[in-house]
Undergrad: 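So that we are looking at the same thing, I have put the structure below in structure tokens.
Remember, it's 1-based here, ligands and their atoms both numbered in the order they're listed. For clarity, every value in this text was computed on a predicted model and none was experimentally measured.
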Amino acid sequence: MKLCVIPGDGVGREVIPAAVEVLQRVLPEVQAIEADAGWACFQRCGNALPDETKRKISEAGAALFGAVSSPSKRVEGYRSPIIQMRQHFDLYANVRPTKNFGLGEQDSSQSKIDLLIMRENTQGLYAQREYMRGDEAVAERVITVAASARIGRIALEMANARRKRLTIVHKANILPLTDGTFRDAVREEARAYPDVAINEMLVDTAALQIGIRPAQFDVIVTTNLFGDILSDLAAMHCGGMGVAPSLNIGAQVAIAEPVHGSAPDIAGKGIANPAGALLATAMLLQHHWRKPDVAARIERAVVGALEAGVRTPDLGGNATTREVVAAVMSRL
Ligand code: GGG
């Protein structure tokens with residue numbers, strides 16, 4: 001088994017080696033292939049995603065990516081490597097789970113939180129078709145029937161294997177062409193899944209409901225930017241961004257990544273939370289390598305370490321990254 005390992009920028013360089021160490025403890029046969037990408041990589045070699053890195057990802061079929069700190073101003077020749085990877089490898093689904101691990105603010109309704117956000121990963125505003133028309137700055141939001149149906153199908157598959165409820169989140173009252181296309185394409189696919197109960201929610205209502213009644217959701221399917229924002233919001237119920245994992249899925253390649261970014265404020269201090277990267281690795285094991293037992297071992301060990309109070313500062317503790325890794329290792 002091969003894994004292309006791309007730490008990227010900032011704390012990615014701390015949490016990704018930690019996750020590889022844990023993975024190789026449970027599966028020594030995993031061969032890690034290091035590759036470069038990110039803003040620092042761009043500054044070094046003029047390319048945020050070198051061809052060599054794409055070749056290594058293709059060869060391995062699976063990758064673990066850390067984080068990237070793209071500048072928020074246009075830089076000639078630079079494109080976010082994670083967006084490039086999603087488009088180049090046609091990673092059409094971004095799977096973002098939120099489970100309650102007993103780490104956040106608690107009340108009794110929160111103990112049942114187990115929701116999955118299925119984010120369309122190649123289109124919407126992330127098509128990055130931005131241009132100036134006179135003094136108007138325009139961003140095209142691209143939604144096709146084919147891409148909407150494809151994310152709809154995998155979301156329905158996931159829902160069918162879980163609690164059989166799918167919520168389509170959109171804003172079709174304001175954007176009837178784009179979001180109407182998305183909603184209708186998912187509903188069309190749903191005809192083949194009679195056991196899955198379908199409902200719809202406007203994105204603003206969904207944000208409120210994820211905040212106040214998150215346990216009502218099983219699987220949410222939505223467009224790219226809505227999924228990005230809602231999954232960060234949902235992460236409040238699993239302990240925050242340091243704990244949230246994700247998996248980018250395509251037909252040939254899967255890339256796991258913690259949801260958090262490069263966190264330049266704490267990079268290099270040895271206190272980054274490795275939980276998101278570890279749980280993302282578990283997702284790769286479950287959905288790509290089809291090793292649910294090994295995935296569950298890692299998840300149990302991570303949750304066990306956090307429950308025992310071995311927590312980095314973002315979770316209110318004072319443990320270092322290395323101390324969390326040691327606590328996870330001792331529970332495998
Ligand atoms: N691990 C995901 C990550 O790095 N998130 C921050 C992000 O997506 N940034 C976009 C970018 O900097 O290109």
Undergrad: State plainly whether the residues E59 and K56 are in salt-bridge range, i.e. N to O under 4.0 Å.
TA: no
Undergrad: Any nitrogen or oxygen of V68, side chain or backbone, less than 3.5 Å from one on ligand 1?
TA: yes
Undergrad: Could you tell me the residue and atom name of the protein heavy atom closest to atom 2 (C) of ligand 1, and the distance to it rounded to 0.1 Å?
TA: E257 OE1, 2.9 Å
Undergrad: Taking the six-membered ring of F226 as reference, does the cationic atom of R141 (NZ for Lys, CZ for Arg) lie under 6.0 Å from its centre and within 45° of its axis?
TA: yes
Undergrad: Give the residue and atom name of whichever protein heavy atom lies nearest to atom 6 (C) of ligand 1, and the separation in Å to one decimal.
TA: G261 CA, 3.8 Å
Undergrad: Give yes or no for whether the N/O distance cutoff of 3.5 Å, strictly under, is met between S70 and ligand 1.
TA: yes
Undergrad: Does R86 make a cation-pi contact with Y92, if we ask for NZ or CZ under 6.0 Å from the ring centre and within 45° of the axis?
TA: no
Undergrad: Does the pair D228/R119 count as a salt bridge with the N-to-O cut at 4.0 Å?
TA: yes
Undergrad: Return a yes/no value for G66: is any of its N or O atoms, backbone included, closer than 3.5 angstrom to an N or O of ligand 1?
TA: yes
Undergrad: Please report whether ligand 1 has a polar contact with S262, defined as an N or O pair separated by less than 3.5 Å (distance criterion only).
TA: no
Undergrad: What part of I83, side chain from CB on, backbone N/CA/C/O, both or neither, has a heavy atom under 4.0 Å from ligand 1?
TA: neither
Undergrad: In terms of side-chain geometry, is the basic nitrogen of K99 or E299 positioned less than 4.0 Å from the acidic oxygen of its partner?
TA: yes
Undergrad: Taking N or O atoms only and a 3.5 Å limit, does P81 qualify as a polar contact for ligand 1?
TA: no
Undergrad: Can you list the ligand 1 atoms lying under 4.0 Å from a non-hydrogen atom of A67?
TA: 1 (N), 4 (O)
Undergrad: Do ligand 1 and H260 have nitrogen or oxygen atoms that lie under 3.5 Å from each other?
TA: yes
Undergrad: Could you tell me whether K54 and D51 have a side-chain N and a carboxylate O separated by less than 4.0 Å?
TA: yes
Undergrad: I need the nearest protein heavy-atom contact for atom 8 (O) of ligand 1: residue, atom name and distance, please.
TA: I82 CG2, 4.2 Å
Undergrad: If you measure from the Lys or Arg side-chain nitrogens to the Asp or Glu carboxylate oxygens, is any gap between E188 and R153 under 4.0 Å?
TA: no
Undergrad: Looking at R165 and D195, does any basic side-chain N land under 4.0 Å from a carboxylate oxygen?
TA: no
Undergrad: As an exercise, identify every atom of ligand 1 less than 4.0 angstrom from a heavy atom of P258.
TA: 1 (N), 2 (C)
